[in-house]
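Within every chain, numbering begins at 1; the chains are lettered A, B, ... in the order of the sequence lines, protein sequences first and strands thereafter. The model shown is predicted, which means the values in this text are computed figures rather than measured ones.
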Amino acid sequence: MTFLTYLISGLALGSVYAIIALGYTMVYGIAKMLNFAHGDIIMAGGYVAFYAFSRFGLPGGLCIILSILFSTILGVVIERLAYKPLRQASSLSVLITAIGVSYFLENAAQLMFGSDTKIFPTILTDGSLKLFDGQLTISYLTIITIVTCIVIMAGLTSFINKTKIGKAMRACAEDKGAAQLMGININTTISITFAIGSGLAAIAAILLCSTYPSLSPTLGSMPGIKAFTAAVFGGIGSIPGALLGGLLLGIIENLTKAYISTQLSDAIVFTVLIVVLLIKPTGLLGKKENVKV
Amino acid sequence: MLKVNDLVVRYGVIEAIKGISFEVDDGEIVTLIGANGAGKTTTMHTISGLLKAYSGSIILDDKDITKVPPHKIVEMGVAQCPERRRVFASQSVEDNLLLGAYTRKDNDGIKKDLDNVYELFPRLLERKEQLAGTLSGGEQQMLAMGRALMAKPKIMLLDEPSMGLSPLLVREIFDIIKDINSQGVTILLVEQNAKMALGIANRAYVIETGKIVMSGSGQELLNSEDIKKAYLGG
């Protein structure tokens with residue numbers, strides 16, 4: 001039973017990674033850039049929810065909506081101000097800019113909110129479900145996290161495959177020039193991508209902060225790196241890859257912590273990543289370029 | 001319909017197009033022929049707005065479109081079927097065609113044009129659920145042309161439609177270009193296959209290293225000794 005408990009909590013952690021990884025993978029797929037400030041959007045979303053709930057006493061649902069709204073706008077504004085002017089620049093310049101944006105956000109948060117750790121309130125729920133005569137306890141939060149991840153994946157997959165905007169996004173991911181010749185506005189498409197990724201980051205923030213309820217300006221950096229790893233692990237640019245990579249990463253991390261070593265868990269996670277990339281450089285579900293002339 | 005005036009396009013300091021002027025009138029088929037690297041594709045991309053003009057102007061129906069962004073140019077009635085087709089390999093044939101109609105909102109008209117494209121290219125209808133990446137080169141060319149038609153263009157820019165195709169298929173594609181033209185779509189055709197292009201063109205321009213060196217009716221150029229020597233293999 002304890003194994004099952006670890007597995008389920010690993011699944012929940014992996015769900016959060018997967019939701020964050022979606023932001024990396026979608027932005028990479030369409031804008032062909034690594035948005036290293038993505039983790040800090042999580043942090044911003046966390047602080048908005050914290051202040052809305054603890055300081056202003058707003059109802060939980062409203063706090064979540066505010067947090068998502070704020071992160072979405074923040075993501076789009078960052079793209080417009082910092083990345084859009086670099087559309088024609090080398091990818092190295094964009095990467096360095098993204099790292100700069102990340103530091104800027106962390107330091108701005110430190111200035112505004114202080115560097116002390118704040119306790120994230122119980123916005124969602126703290127109950128739990130007891131199964132098998134109390135042998136297996138699953139918190140409602142774990143269930144909410146996993147269900148949220150499933151709903152997001154299903155929703156996003158049908159959005160990308162069925163809607164006109166989704167198909168335009170896939171067209172941009174494949175060939176920007178040809179997409180423009182269809183009359184697709186690249187800037188709008190990139191903005192939509194950042195909006196979706198950043199909105200999801202806020203959802204991840206609330207799930208993450210509810211599970212590990214401490215809030216600090218660097219809160220987003222470690223989950224950000226882990227989720228980025230998950231995205232690469234699954235195959236960057238691939239949405240199912242982000243899900244698979246996230247879940248596997250969460251499960252591996254949790255099981256190593258439980259059975260091998262807490263200190264070594266990150267080392268082991270990254271070793272697995274290196275091994276996977278050595279065997280399959282495009283990641284688990286990464287696609288090979290299939291060009292026909 | 002389309003007028004290009006003294007257009008200069010640069011890649012950094014290199015001048016790819018060195019001041020060319022030409023025009024395409026309503027209902028015409030006009031071709032730009034020239035060797036590899038002469039600047040044909042650069043010209044097409046500049047008209048579509050993918051590349052910025054350094055100087056000169058591009059006028060569509062008395063409106064200056066030189067600085068208009070690419071998606072607006074499509075909306076104004078200029079569709080391009082690009083070199084190497086560039087179909088969206090991971091999407092179905094039908095989704096590719098519908099992406100061609102991205103700027104349009106008239107659902108009934110889109111449906112009608114889709115039927116029209118399937119009539120022009122029955123092979124696309126057979127394969128409408130198939131992923132575009134799995135089509136043969138000839139079928140991808142048909143798809144790219146159908147996709148451009150779906151924008152309901154006033155003028156269609158066709159860049160090297162014969163590239164990599166068998167002579168038989170090239171003839172089929174050129175017959176279809178004539179059909180499309182007879183449906184009222186003006187055509188600007190860029191080709192290395194000068195013989196085929198001159199055969200269907202009302203007028204033609206010869207472009208060499210970024211400059212127009214000769215122009216005339218398709219027939220005139222077909223009979224010109226210089227052209228025969230340089231482009232028609234003697």
Residues, nucleotides or ligands: over 12 heavy atoms within 6.0 Å of [X] [atom1]:
X       : atom1 : value
F159(A) : CZ    : yes
L69(A)  : CG    : yes
L168(B) : CG    : no
F36(A)  : CZ    : yes

Task: Per-residue contacts, residues 173-189 of chain A versus chain B, heavy atoms under 4.5 Å - done: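 Result: E174(A), D175(A), G177(A), A178(A), A179(A), Q180(A), L181(A), M182(A), G183(A), I184(A), N185(A).
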Neighbourhood of chain A inside [range], taking heavy atoms under 4.5 Å as contact:
range                       : result
residues 66-75 of chain B   : P70(B), H71(B), V74(B)
residues 29-55 of chain B   : S48(B), L50(B)
residues 108-123 of chain B : none

TODO: Check whether V78(B) gets within reach of chain A through its side chain, its backbone, both or neither, counting any heavy atom under 4.5 Å.
DONE: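 Contact with chain A involves no heavy atom of V78(B) at all.
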Task: Interface moiety of R147(B) toward chain A, non-hydrogen atoms closer than 4.5 Å - done: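 R147(B) touches chain A through side-chain heavy atoms alone.
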Open item on the list: Between R86(B), Q80(B), R104(B), M150(B), who has the most heavy-atom pairs with chain A when the cutoff is under 4.5 Å?
Closed with: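 Answer, by heavy-atom pair count under 4.5 Å with chain A: R86(B).
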- [ ] Quick one: pull up NZ in K167(A) and OG in S92(B) and give me the separation to the nearest 0.5 Å.
- [x]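 That separation rounds to 6.5 Å.
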Open item on the list: Determine whether K164(A) and Y102(B) satisfy the following criterion, side-chain contact (heavy atoms from CB on, under 4.5 Å), listing intermediate values before the conclusion.
Closed with: CA-CA 8 Å; K164(A) 192 172 164 180; Y102(B) 188 79; 3.7 Å; yes
